[in-house]
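Heads up: the structure comes next, in structure tokens.
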Amino acid sequence: MISTGLDDAPSLTADEEQEVAHQYEERADHLELDAFATNTALTDDSEDWIKSLTGPGAKLLVGPRGCGKTHLMRYAFTQCVADPELPLAVYINLNRYYTLEPLLRRRPDAMSTFYVWVLANIVVGFYESVEAFKATSQGLALDVDSLQEFDPAEVRDLIGAYEKSQSPDAGLETVATRLTIDRVKQLLIRSADVLKRRRVVLLLDDAALTLTPEYLSHFFDIYRALKAPRIAPKASVYPGTTEYGPNFHAGHEADTVFVWKRVTDGNYLAFMQDIGAKRFPDMAQIPEDIRAMLAYSAFGVPRAFMTLVRSYLKNLKRQSTAQSTFNVTIDEFLADRVREYMTLKDKKPQLATIVEVGKRLFNSMVESVTDANQALIDGDSRQLYIGIDASGVTDKPYVTRMLLLLEEAGMVYSGPAVSHGDRDYKRYVPHLAALQAKRAFARKGGFSPKFSVEMLSRPDEKHPVRRSMSTLLDTPTLEGLSLDLPNCLNCRAKRVEGAKYCFTCGERLTDESTYDRLMLTALAGVPGLTDWQRDKLSNWQAVPKTVGEFIALQDPGTTLRTIRGVGKVRAKTIIDAVQSFLDEYLS
Amino acid sequence: MSIPSASFLDTITPFSAPTKGKLDTENWFDPNHVTAIQSPVDEFRSNLAQINVLYLRADARGEYTSMLGSLVYLGMVSAAEGYFRSLLRRLILVDEACRHNASSRTLTYGAALHHAEDLLPEALLEGVSLANTKNVATELKTLCNISQMSKDGNVPAALERLFNNFESICQVRHCGIHRFGKLGSQQALRLGMDKHKPLLEKPLALTVLQLQEIAEALEALIRAVNSYCFADILKRTHSAGPTGKEKTKLYQDTWQLDWTQDQKRFNEYYDIFASVGGSQPSDPAANVYAAFMTFVTAYNAKK
């Protein structure tokens, strides 16, 4: 049931829209640092997570997009600034790594550039962070001269040159040669001494480097080398990542901290509701049961919860009943999740078939779990887990990969494996939004959020729904799983999996650059644009036609404003759309 | 008829007499081969491709053996060494500064007497092995003034990783040539005794994947060095030219900053360095020239 008050609410004024937009700002990297202390919900879990960031020891922060890794890091950062007992924290965001991806396909020495780029980012992040620490350490007599190891402006220029694929001039080249791990570590330790902090934590955000496993394994070499008794690196990555490189053994070199809230946890609902209440007070307008359902559908991802709440309130104005509002909200949200998952096909073209089949596997998993719950509808338990016979998974690299990709995209939550009889089962919870869309927790024909919430708060079934790969997918599909490799560019012969050279002509087999390919996307084809914007962008002479040309503009805002009817605000929405397109595809 | 017993003492290893009394080495080489219309990097590429096909096809037929692998390995390093030789020779013929550096080197009388003029520079390097980093860096420094290369084997920082791999490949090659692939203590020392000690006197046993990795490492090195030298030399033709700011003028010709006028001279360099075939060809000369002009403009604008 929904209150009539909400239904009658007048539409928002422009100012109110603005206000709401701010409240809803879901992406932590867009939030001002000041907003963190007040907007961040601290539950027991997140308190532990924050402690793992401010405490000693190398850590890997693991969770899918939007689960709040950036938020945690930035919150940990503000904590460190405020509390002199905590370490010197340095926040570094690596999300622009993708600009170096084309280099990998063109330059045999790309790794050296990447190495310098990472260290340069650490140095820039260091100087920015130190500013915040200096501001709060005014009582201390600081010997800031000893921190002048690098000129931050120069280092920024160096990063800029690399990201634009320009070769740095002689001056910047010298800066590049001075950027070594040892020098950076010494600078960090010296600064900790100056700022009277015992330790240093490096918060390396967006280190999943999805497009470039080559860089990722190299990144973890650097990560390992940065580790020191007084320096603790912390990196955020996606689940399902396996490409840490030959020298890095996750779990051995660093503790893995799973920051993706488990939907099966006893305090799940309290956790999500608490975050919601802190970050979006107006949520109270939504009836409690529906709120709970939305929280479950968010599947442990706070940003998704915000999106669902916003979308529910928006749909409320258009839909006649609570039921249709809820259904539309879930369907739209699920479609977005699936679409995001499917972007993996563009990001990793060689995995296109595996991603495609992964979607079918996911649907099968959802169906199995839905059926199980329908059978339990009058019982006293719920079934969230599906157990997949490990024998059809572990010895099949493509099947393993397929499940890891679903995990990476946050479509399934992987639980600890269990044994049953003489078989081992890998356990997964499929995305709850998909289960809700299938009405797994509803009686046929009725809509009762109250019942669904009641069912979702029942204890778990003792055993998962047990399936084997061959029952989830048909045999021809399973046998047809393979990589999608482009033919040899030189002789067009089909290539052999894993080969570096063509066995027909002996020439190098090459991979195209995903970044370069994405740059050719039509500007008007970027998702999130209105029809009007699309039309204007494709027909306006002065505006470039591809994303690549567009982001190369010195001042895209000015160019956009040459279009009749586009002012500051519209120009910004277009630029934002392009930026989120890039973020989504490349980060 | 029985063999006289004295022969047992003389002939511990019996073998039938060879049918060919004197080997005619003059027939072993291809007299019709026309040298170097290809750039050194393309020569390397096509040599490597031919070698790759050997073991990759053998593998596809199920006939690959590690013995074939060891032989192929020697061929690969030889292809890389050949690249450096060709590059140096071509540069001495075309580039004023390199020619100047080479002019003070001594040549054997025999080479001077018998070689065709355009092959003479190759004779300069006959006594030098180019299958190790130190010699490559030394020759690139002393003959070509390539920046950040030095006689003690230092290479530009960006190329260090690639040269380190090259050095390891060359160390193992020693075993291939002199010890039939068994790891010797000298090489183990250079490769790192900690990891190689248990492998002393063990034979090389390369897999097809490892051979491809070696091919990749060599091609990466060659292409990176090629790119580096091209940019370094081309920039120098301007900065150490008549209108440049370097004190030592290495060049007498001035770039006219106009494609039609500069084309001939530019192509001389482009032809030495560009790769025109394979799966990763160079950008067209005019585009590379345009990028060079961007450099010249920026260089001139600087004080």
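By convention in this document, chain letters (A, B, ...) are assigned in the order of the sequence lines, proteins followed by strands, and residues within each chain are numbered from 1. Just so you know, these numbers use all the heavy atoms, side chains as well, and skip hydrogens, waters and symmetry mates.
- Using a 4.5 Å cut-off between non-hydrogen atoms, no part of residues 152-168 of chain A approaches chain B.
- Taking the charged nitrogens against the carboxylate oxygens, Lys545(A) and Glu549(A) have no contact shorter than 4.0 Å, which rules out a salt bridge.
- Heavy atoms closer than 4.5 Å to chain B are found nowhere in Ala176(A), neither backbone nor side chain.
- Interface summary for chain B: among Leu509(A), Thr177(A), Thr504(A), Leu489(A), the most heavy-atom pairs under 4.5 angstrom belong to Thr504(A).
- Contact check for Ile551(A) versus Pro556(A): no side-chain heavy atoms found under the 4.5 Å cut-off.
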Item to check | Verdict with reasoning, Leu48(B) to Met76(B), per side chain to side chain contact (heavy atoms under 4.5 Å, CB included) | outcome: CA-CA 6 Å; Leu48(B) 183 66; Met76(B) 285 184 185; 3.9 Å; yes
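- In this structure, Glu149(A) and Arg190(A) have side chains that are in contact, with non-hydrogen atoms separated by less than 4.5 Å.
- With a 4.5 Å cut-off on non-hydrogen atoms, Cys502(A) touches chain B through its backbone but not through its side chain.
- Between the side chain of Ser279(B) and the backbone N or O of Arg508(A) there is at least one donor-acceptor pair closer than 3.5 Å.
- Checking Thr207(B) against Gln210(B) by side-chain atom types alone, a donor-acceptor pair falls below 3.5 Å.
- Of all non-hydrogen atoms in Leu216(A) and Ala207(A), the two that sit nearest each other are CD1-O, 3.1 Å.
- With a threshold of 4.5 angstrom between heavy atoms, Glu216(B) approaches chain A through its backbone and through its side chain.
- Few gaps surround NZ on Lys249(B); more than 12 heavy atoms of other groups in view lie less than 6.0 Å from it.
- Take Leu71(B) and apply the side-chain contact (heavy atoms from CB on, under 4.5 Å) test, not counting sequence neighbours, and it matches no residue.
- Remark: side-chain polar atoms of Tyr73(B) are paired, donor with acceptor, to backbone N or O of Ile169(B) under 3.5 angstrom.
- Using a distance-only test at 3.5 Å, with no hydrogens or angles considered, no donor-acceptor pair links the side chain of Ser66(B) to the main chain of Gly69(B).
- Taken to the nearest 0.5 Å, the CG atom of Leu91(B) stands 4.5 Å off from the CD1 atom of Ile272(B).
- The only option from Trp255(B), Tyr299(B), Tyr270(B), Tyr269(B) that meets the ring pair (Phe, Tyr, Trp, His ring centres under 6.0 Å) definition with Phe292(B) turns out to be Trp255(B).
- Contacts between Glu213(B) and chain A at a heavy-atom distance below 4.5 Å involve backbone atoms as well as side-chain atoms.
- Heavy atoms closer than 4.5 Å to chain A are found in the side chain of Ala60(B), but not in its backbone.
- No side-chain donor-acceptor contact under 3.5 Å links Ser168(B) and Gln171(B).
- If you measure heavy-atom distances from Leu54(B) to chain A, you find no contacts under 4.5 Å at all.
- Under a 3.5 Å cut-off, the side chain of Ser282(B) and the backbone N or O of Ser275(B) do form a donor-acceptor pair.
- Along residues 101-126 of chain A, the residues that come nearer than 4.5 angstrom to chain B, judged on non-hydrogen atoms, are Arg105(A), Arg106(A), Pro108(A), Asp109(A), Met111(A), Ser112(A), Tyr115(A) in order of number.
- Heavy-atom proximity under 4.5 angstrom to chain A picks out Arg223(B), Ala224(B) from residues 222-240 of chain B.
- No salt bridge links Arg45(B) with Glu219(B); every basic N to acidic carboxylate O contact stays at or beyond 4.0 Å.
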